[in-house]
Engineer: 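The structure is given below, and queries will be raised subsequently.
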Amino acid sequence: MMKKVRVFLLVVLSLAAGCPQGGLCANNPVVVADYSVVPLPSDIVLKGGGGFLLDSRCLIETAPDEAMHTNGLLLSRYLEELKDLKLEVIKTQKGEKAKRRIALKLSAKVTADEGYRLTVEKSGVVIEGRTAAGVFYGIQTLRKSLAAATPDESGAFLLPAVEINDAPRFGWRGMHLDVSRHFFNKDFVKQYIEMMVLHNMNRLHLHLTDDQGWRMEVKRFPLLTSVGGWRSYTTLGRNSSVSDRTPHGGFFTQEELREIVAYARQRHVEVIPEIDMPGHMLAALAAYPQLGCTGGPYAVEGHWGVFDDILCAGKEETFDFVTAVLSEVMDVFPSTYIHIGGDEAPRKRWKECPLCQQRIRREHLEAVEGQSAEARLQGYFTKRVEKFVNSRGRKLIGWDELLETGVDATATIMSWRGVSGGLVASEKGHDVIMAPVDYCYFNFYLTKDHDWGEPFAFDAVISLESTYGFDPAPETLSEAARRHVLGVQGNLWTEYIPFESQAQYQVLPRMGALAEVQWVAPGRKDYSQWRERQKGLLTVYDKYGWAWAPHLSEE
């Protein structure tokens with residue numbers, strides 16, 4: 001008789017009933033695979049008939065195409081890392097079938113692009129998906145189900161018989177990483193991608209430029225990295241008058257970035273680059289001062305904040321620079337979307353700049369609907385950039401300040417200052433990615449009790465429960481507006497995060513809470529149950545040596 005499972009399960013069974021060595025298993029109960037993982041699958045149906053004994057004699061069987069074979073190699077790697085199981089991966093032709101196998105297959109019976117069906121029977125395991133990405137998420141469920149499992153005395157792990165059908169709520173399941181304020185090398189970015197895929201996330205938003213450093217090689221403008229890639233000091237505390245007097249910097253070559261993109265693609269993650277403009281550009285202005293309204297001199301900033309000097313929108317040279325930079329960006333990053341920031345761009349210099357004022361008059365950019373002429377100038381700037389991005393077959397993303405500049409509804413809005421901007425944008429017909437500061441900024445503290453023992457962070461608190469309870473597309477939105485909510489993203493700004501272990505600490509286990517926001521339908525979420533299920537992921541974090549905040553166990 002089948003039993004439908006919709007709540008957290010902790011199954012500790014003896015293998016006596018199904019083990020060929022009977023008494024040996026009966027005397028040595030083991031912890032079997034637990035399918036109630038994070039994020040929780042949509043439908044778990046446990047079946048009778050024993051289960052599958054997973055051991056090193058099992059083969060991983062894949063279709064001959066590259067993406068599915070790569071999936072198989074990754075599954076083999078995960079099992080070896082997690083449970084010291086070394087499984088051979090073989091390509092099979094249609095009609096062939098190994099005797100003891102985990103089969104990875106494409107199937108039109110799975111309707112969602114990233115959905116999967118995971119079936120375990122005594123004869124083996126089958127993971128099916130409409131796409132290779134869907135199969136990959138089935139692999140993640142299998143991998144996580146083994147997190148706390150223990151083997152019998154023969155070294156085999158029991159996978160209870162089950163059928164799991166699953167698909168994500170949102171297509172955009174993102175994490176952001178700021179490598180500008182503090183630079184993190186390509187190896188850490190790859191590790192960050194591994195952390196993401198463990199949580200079924202598929203978009204890495206890589207913030208490459210800001211006032212404090214330019215992190216991408218641009219061959220046409222080499223000073224962006226040789227000058228703009230380095231600051232002479234970093235302020236201590238929250239913008240104190242004391243600095244560390246130590247240069248900080250670094251950048252990615254285009255070859256390194258292509259390596260990151262390829263690494264992510266193998267794991268079904270799309271890397272979205274952000275080149276922030278027209279504000280947050282002091283690193284670029286330090287390298288090429290003629291791009292500013294005053295001509296400088298400028299310096300790569302060692303303090304945090306919002307600064308008056310931004311790109312001059314009155315000079316054609318500025319647009320030549322922007323399009324040349326974005327051309328190289330788009331050559332390196334094949335992503336559907338290109339992020340141009342657009343946030344926190346003071347327009348003081350534009351008000352004082354004759355060329356910017358001349359542009360305003362020539363383009364008839366009059367103040368309207370509470371938007372100043374200079375705000376409309378930023379809208380003009382954004383539209384020109386978007387037209388160029390669109391001409392290369394890409395789409396533009398910007399932060400929610402763009403809503404105040406008269407941009408076209410074709411621009412995708414990333415809502416950060418709260419939920420309201422995203423809700424307004426979706427009702428106006430913009431596609432929206434929700435990343436509100438109140439729920440999704442993982443550079444904030446996790447607890448109010450952070451005076452001692454917590455790494456220094458932004459002086460605000462976002463608890464696990466707060467993140468978990470967020471609904472990016474509430475029912476108060478119209479049905480048409482909800483369709484514009486592409487998904488949700490967690491952000492990690494690194495002003496106060498100079499170390500890799502601290503970056504891990506800030507996002508774990510909050511990634512687990514966000515994963516359920518991204519994947520699970522609101523009616524199926526339960527915070528107390530999630531807390532129990534998340535503990536299984538903590539064992540995986542420990543296995544990989546990732547630092548994580550202990551507040552889950554302290555609540």
Side-chain angles (χ1 to χ4, degrees), residues 175-185 187-189 191-192 195 205-213 215 229-250 274 276 280 282-283 300-307 343-344 416-417 435-467 489-514 538 541-542 544-555:
M175 279 297 299
H176 157 285
L177 178 63
D178 169 22
V179 295
S180 176
R181 274 53 176 271
H182 281 98
F183 179 66
F184 295 93
N185 64 25
D187 291 333
F188 179 75
V189 177
Q191 184 185 89
Y192 201 77
M195 293 161 63
H205 173 180
L206 197 58
H207 183 79
L208 289 164
T209 68
D210 219 295
D211 298 303
Q212 294 80 19
R215 306 299 178 209
W230 298 87
R231 59 177 181 263
S232 59
Y233 70 93
T234 302
T235 183
L236 298 181
R238 296 189 177 90
N239 279 344
S240 74
S241 59
V242 180
S243 78
D244 63 7
R245 301 184 182 181
T246 302
H248 177 85
E274 180 182 353
D276 205 343
H280 289 296
L282 275 173
V300 183
E301 186 56 62
H303 280 73
W304 322 122
V306 179
F307 303 95
D343 62 310
E344 298 177 332
W416 78 272
R417 291 180 297 176
V437 65
D438 302 328
Y439 304 97
C440 297
Y441 270 45
F442 293 169
N443 44 299
F444 288 5
Y445 288 110
L446 254 169
T447 173
K448 294 179 181 178
D449 300 323
H450 56 252
D451 290 341
W452 297 99
E454 286 288 286
F456 189 72
F458 271 79
D459 195 19
V461 176
I462 297 178
S463 68
L464 288 166
E465 188 170 9
S466 177
T467 296
Q489 174 176 293
N491 290 347
L492 186 68
W493 301 99
T494 62
E495 285 92 334
Y496 307 136
I497 304 177
F499 307 116
E500 294 178 1
S501 59
Q502 188 179 352
Q504 295 165 355
Y505 185 96
Q506 290 297 132
V507 300
L508 300 176
R510 275 187 283 207
M511 267 192 183
L514 184 67
L538 301 184
Y541 301 165
D542 288 339
Y544 287 107
W546 298 339
W548 50 273
H551 307 296
L552 182 74
S553 58
E554 294 176 358
E555 288 186 357

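Remember, it's a predicted structure, so these values are computed and weren't measured experimentally.
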Engineer: Would you please test R510 and L464 for side-chain contact (heavy atoms from CB on, under 4.5 Å) and show each step?
Structural biologist: CA-CA 6 Å; R510 275 187 283 207; L464 288 166; 3.6 Å; yes

Engineer: Just by modelled atom types, is the S240 backbone N or O under 3.5 Å from a matching donor or acceptor in the T235 side chain?
Structural biologist: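 Yes; at least one donor-acceptor contact below 3.5 Å.
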
Engineer: Report yes or no: does R238 contribute a side-chain atom to a donor-acceptor pair with the main-chain N or O of A457 at less than 3.5 Å?
Structural biologist: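 Yes: the side chain of R238 pairs with the backbone of A457.
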
Engineer: Of all heavy-atom pairs between S180 and T209, which one has the smallest distance, and what is that distance?
Structural biologist: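 Where S180 meets T209 most closely, the heavy atoms are OG-C, 3.7 Å.
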
Engineer: Apply side-chain contact (heavy atoms from CB on, under 4.5 Å) to the pair H248 and F183, showing each step before the final yes or no.
Structural biologist: CA-CA 8 Å; H248 177 85; F183 179 66; 4.0 Å; yes

Engineer: Using atom types as modelled and distance alone, determine if a side-chain donor or acceptor of Q502 lies under 3.5 Å from a backbone N or O of F456.
Structural biologist: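 Here the side-chain-to-backbone pair exists.
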
Engineer: If we only count heavy atoms from C-beta on, is the F188 to L177 side-chain gap below 4.5 Å?
Structural biologist: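 Yes, close enough: below the 4.5 Å cut-off.
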
Engineer: Within the structure provided, determine whether L492 and D178 are in side-chain contact (heavy-atom separation under 4.5 Å).
Structural biologist: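 In short, these two side chains do not touch, never coming nearer than 4.5 Å.
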
Engineer: Counting only heavy atoms from other residues, nucleotides and ligands, does the tally under 6.0 Å from OH of Y544 exceed 12?
Structural biologist: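 Yes, the 6.0 Å shell around OH holds more than 12 heavy atoms from other groups.
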
Engineer: Treating R215 as the side-chain partner and V179 as the backbone partner, does any N or O pair qualify as donor plus acceptor under 3.5 Å?
Structural biologist: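 The answer is yes, because a donor-acceptor pair under 3.5 Å joins these two groups.
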
Engineer: Specify the closest pair of heavy atoms between F307 and E301, including all atoms of both residues, with the distance to one decimal.
Structural biologist: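 So the minimum-distance heavy-atom pair works out to CZ-CG, 3.2 Å.
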
Engineer: Write down the atom of G213, the atom of V300, and the distance for their closest heavy-atom approach.
Structural biologist: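 For G213 versus V300, the nearest heavy atoms are N-CG1, 4.0 Å.
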
Engineer: Would you check if the side chain of Q506 reaches a backbone N or O of F442 as a donor-acceptor pair within less than 3.5 Å?
Structural biologist: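 Side chain of Q506 to backbone of F442, a donor-acceptor pair under 3.5 Å: yes, one is there.
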
Engineer: For T467 and A513, which heavy atoms make the closest approach, and how far apart are they?
Structural biologist: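 The pair with the smallest heavy-atom distance is CG2-CB, 4.0 Å.
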
Engineer: Go through the side-chain N and O atoms of E500 and Q191 and say whether any donor and acceptor fall under 3.5 Å apart.
Structural biologist: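 Checked: E500/Q191 side chains show no N/O donor-acceptor pair below 3.5 Å.
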
Engineer: Start with the C-alpha distance between D459 and Y445, add both sets of side-chain angles, then the distance that settles side-chain contact (heavy atoms from CB on, under 4.5 Å), and finish with yes or no.
Structural biologist: CA-CA 7 Å; D459 195 19; Y445 288 110; 4.3 Å; yes

Engineer: Which heavy atom in L538 sits nearest to a heavy atom in P509, and how many Å separate them?
Structural biologist: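 Closest approach of L538 to P509, heavy atoms only: CD2-CB, 4.4 Å.
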
Engineer: Just wondering, do Y505 and P550 contact through their side chains at under 4.5 Å, heavy atoms?
Structural biologist: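 Yes - at least one pair of side-chain heavy atoms lies under 4.5 Å apart.
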
Engineer: Between V507 and Y192, is there a side-chain heavy-atom distance shorter than 4.5 Å?
Structural biologist: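 They are in contact (side-chain heavy atoms under 4.5 Å apart), so the answer is yes.
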
Engineer: If we only count heavy atoms from C-beta on, is the I497 to E495 side-chain gap below 4.5 Å?
Structural biologist: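 No - every pair of side-chain heavy atoms lies 4.5 Å or more apart.
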
Engineer: What verdict does the side chain to side chain donor-acceptor pair (under 3.5 Å) test give for W304 and D211, after you've listed the backbone C-alpha separation in whole Å, the side-chain angles of each residue and the deciding distance to 0.1 Å?
Structural biologist: CA-CA 8 Å; W304 322 122; D211 298 303; over 6 Å; no

Engineer: Are V461 and F444 side-chain neighbours, meaning at least one heavy-atom pair lies under 4.5 Å?
Structural biologist: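 The answer is no; the side chains never approach within 4.5 Å.
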
Engineer: Which of these passes side chain to side chain donor-acceptor pair (under 3.5 Å) with E274: H207, H280, H176?
Structural biologist: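 Single side chain to side chain donor-acceptor pair (under 3.5 Å) partner of E274 among H207, H280, H176: H207.
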
Engineer: If you take all heavy atoms of Y439 and I462, which pair is closest and at what distance?
Structural biologist: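 What the structure gives for the nearest pair is O-CG2, 3.6 Å.
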
Engineer: Check side chain to side chain contact (heavy atoms under 4.5 Å, CB included) between W230 and all other residues, then give those that pass, not counting sequence neighbours.
Structural biologist: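 Partners of W230 under the side chain to side chain contact (heavy atoms under 4.5 Å, CB included) test: none.
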
Engineer: Counting C-beta onward and ignoring hydrogens, is there a side-chain heavy-atom pair between M175 and H205 closer than 4.5 Å?
Structural biologist: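 Of all side-chain heavy-atom pairs linking H205 with M175, none is under 4.5 Å.
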
Engineer: Do the ring centers of F458 and Y496 come within less than 6.0 Å of each other?
Structural biologist: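 Under 6.0 Å, so yes.
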
Engineer: Carefully, step by step, assess E454 and H551 under the rule side chain to side chain donor-acceptor pair (under 3.5 Å).
Structural biologist: CA-CA 11 Å; E454 286 288 286; H551 307 296; 3.1 Å; yes

Engineer: Any side-chain heavy atom of P247 sitting closer than 4.5 Å to one from Y233?
Structural biologist: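 The answer is no; the side chains never approach within 4.5 Å.
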
Engineer: Report the residue from N443, T494, D210, T234 that forms a side chain to side chain donor-acceptor pair (under 3.5 Å) with R181.
Structural biologist: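 Checked N443, T494, D210, T234 against R181; only one passes side chain to side chain donor-acceptor pair (under 3.5 Å): D210.
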
